[in-house]
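Data first, discussion second: the structure below is written as structure tokens.
Here, residue 1 is the first one in the sequence, and each next residue gets the next number. As the structure is a prediction and not an experimental result, all values here were calculated from the model. Because only heavy atoms are used, hydrogens play no part in the values below, and waters and symmetry mates are left out as well, while side chains stay in.
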Amino acid sequence: VLKGHRDAVWSLTCLHPSPFNSPLLISTSCDNTVKLWDASLQYQDISDNSQMGLEPDIAQTALRRDIVIEELLRNVIPMDKIGVTTVSACIQSNNGTQCLLTGTTSGLLILINLETGQLIETLQVPPQQGNDDMSDLHILTLSSHSTLPLAICGHKDKMVRLIDLQ
């Protein structure tokens, strides 16, 4: 058990290892954090209920990066426009950089450099023509194309949108 979020975890994704990186588990929570966990550590099987979670020193070792969305976007987007983080996916940029793509309840896509944790850009998903209800843009699921810089988002308004990330 990995502990660290202050609210419900809504999304998990794995980033498979490369020659330069160990495997990562990425958890996205409605506490507006995205946590990157080292998935190469050996975790003990918890068979009795008296011992829940990892020992504190192991949990700290497992947490590789803690991305707090509000801090990342503090001077970029007003806080009331961000919404709550819901899902994340991994994508590779044109220059080969591993990126984290995070979606929110307000239809905001946040592209983050996975190695540095720095913001690359934000994209606001446009509403369907004739519909001004921004709550319909809530991103429920998120994926990326395997070879193109393309995000694929599933929304509350029953739409699937393809977003060009170039």
Side-chain angles (χ1 to χ4, degrees), residues 1-43 53-54 56-126 137-154 161-166:
V1 176
L2 296 171
K3 295 181 180 179
H5 287 291
R6 295 180 321 275
D7 211 329
V9 175
W10 286 1
S11 171
L12 296 170
T13 191
C14 289
L15 178 62
H16 298 288
S18 72
F20 308 104
N21 297 329
S22 59
L24 291 176
L25 173 66
I26 301 167
S27 58
T28 307
S29 169
C30 60
D31 66 5
N32 275 356
T33 63
V34 178
K35 296 187 183 295
L36 283 58
W37 307 91
D38 187 341
S40 67
L41 295 177
Q42 296 294 317
Y43 302 108
L54 295 172
D57 59 331
I58 297 174
Q60 288 302 319
T61 303
L63 183 61
R64 296 277 284 303
R65 174 163 286 130
D66 190 1
I67 300 171
V68 180
I69 299 300
E70 285 98 344
E71 290 175 12
L72 195 65
L73 299 178
R74 183 175 317 240
N75 298 318
V76 179
I77 295 174
M79 291 296 117
D80 62 332
K81 303 289 185 204
I82 295 173
V84 175
T85 53
T86 55
V87 293
S88 292
C90 293
I91 190 167
Q92 192 160 347
S93 69
N94 287 341
N95 65 5
T97 303
Q98 288 286 338
C99 298
L100 177 69
L101 187 62
T102 299
T104 72
T105 55
S106 65
L108 185 67
L109 287 171
I110 306 161
L111 192 60
I112 302 165
N113 182 312
L114 199 53
E115 295 168 18
T116 66
Q118 298 297 308
L119 177 68
I120 296 173
E121 73 175 307
T122 60
L123 301 160
Q124 178 62 57
V125 174
L137 295 178
H138 180 144
I139 300 173
L140 298 170
T141 188
L142 180 63
S143 188
S144 62
H145 193 278
S146 60
T147 59
L148 299 173
L150 191 66
I152 306 159
C153 308
R161 291 178 174 86
L162 304 176
I163 310 293
D164 187 355
L165 298 173
Q166 279 189 318

- Message: side-chain contact (heavy atoms from CB on, under 4.5 Å) for L25 and L2? Distances and angles first, verdict last.
- Response: CA-CA 10 Å; L25 173 66; L2 296 171; 4.0 Å; yes

Separation between [atom1] of [X] and [atom2] of [Y], rounded to the nearest 0.5 Å:
{"X": "I152", "Y": "H145", "atom1": "CD1", "atom2": "NE2", "result": "6.5 Å"}
{"X": "I110", "Y": "L72", "atom1": "CD1", "atom2": "CG", "result": "7.0 Å"}
{"X": "L142", "Y": "S88", "atom1": "CG", "atom2": "OG", "result": "7.0 Å"}
{"X": "L150", "Y": "D164", "atom1": "CG", "atom2": "CG", "result": "6.5 Å"}
{"X": "D38", "Y": "R64", "atom1": "CG", "atom2": "CZ", "result": "4.5 Å"}
{"X": "L15", "Y": "C90", "atom1": "CG", "atom2": "SG", "result": "4.5 Å"}

- D7 meets the salt bridge (charged side-chain N to carboxylate O under 4.0 Å, His left out) criterion, sequence neighbours left out, with none

- Message: Among residues at least two apart in sequence or on other chains, which ones pass salt bridge (charged side-chain N to carboxylate O under 4.0 Å, His left out) with R161?
- Response: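 Salt bridge (charged side-chain N to carboxylate O under 4.0 Å, His left out) list for R161, sorted by chain: D157.
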
- side-chain contact (heavy atoms from CB on, under 4.5 Å) evaluation trace for L111 with L123: CA-CA 8 Å; L111 192 60; L123 301 160; over 6 Å; no

Name all residues meeting the side chain to side chain contact (heavy atoms under 4.5 Å, CB included) criterion together with [X]; count only those two or more places apart in sequence or in a different chain, and write none if there are none.
{"X": "T86", "result": "W10, T105, H138, I139"}
{"X": "E71", "result": "V68, R74"}
{"X": "S11", "result": "T28, V87"}

- Message: I need the single residue from S144, S143, S146 that forms a side-chain contact (heavy atoms from CB on, under 4.5 Å) with I91. Which is it?
- Response: S144

Side-chain donor-acceptor distances from residues 76-85 under 3.5 Å, at least two apart:
residue, atom, partner, partner atom, Å
T85, OG1, S29, O, 2.4
T85, OG1, N32, OD1, 3.4

- CA sep, side-chain torsions, deciding dist, call: L24, W37, side-chain contact (heavy atoms from CB on, under 4.5 Å): CA-CA 5 Å; L24 291 176; W37 307 91; over 6 Å; no

- Taking all non-hydrogen atoms of both residues into account, name the closest pair between S27 and L12 and its distance. CB-CD2, 3.6 Å

- Exercise: identify the closest heavy-atom pair between L137 and S106: CB-O, 4.1 Å

- Message: When you measure from the side chain of R65 to the backbone of V34, do you find a donor-acceptor pair of N or O atoms at a distance under 3.5 Å?
- Response: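 Flag not set: sc R65 to bb V34 has no pair under 3.5 Å.
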
- Could you walk me through whether L165 and L101 pass the side-chain contact (heavy atoms from CB on, under 4.5 Å) check? CA-CA 10 Å; L165 298 173; L101 187 62; 4.0 Å; yes

- Is the shortest heavy-atom distance from the side chain of T102 to the side chain of I67 under 4.5 Å?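 SC-SC contact between T102 and I67 ruled out.
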
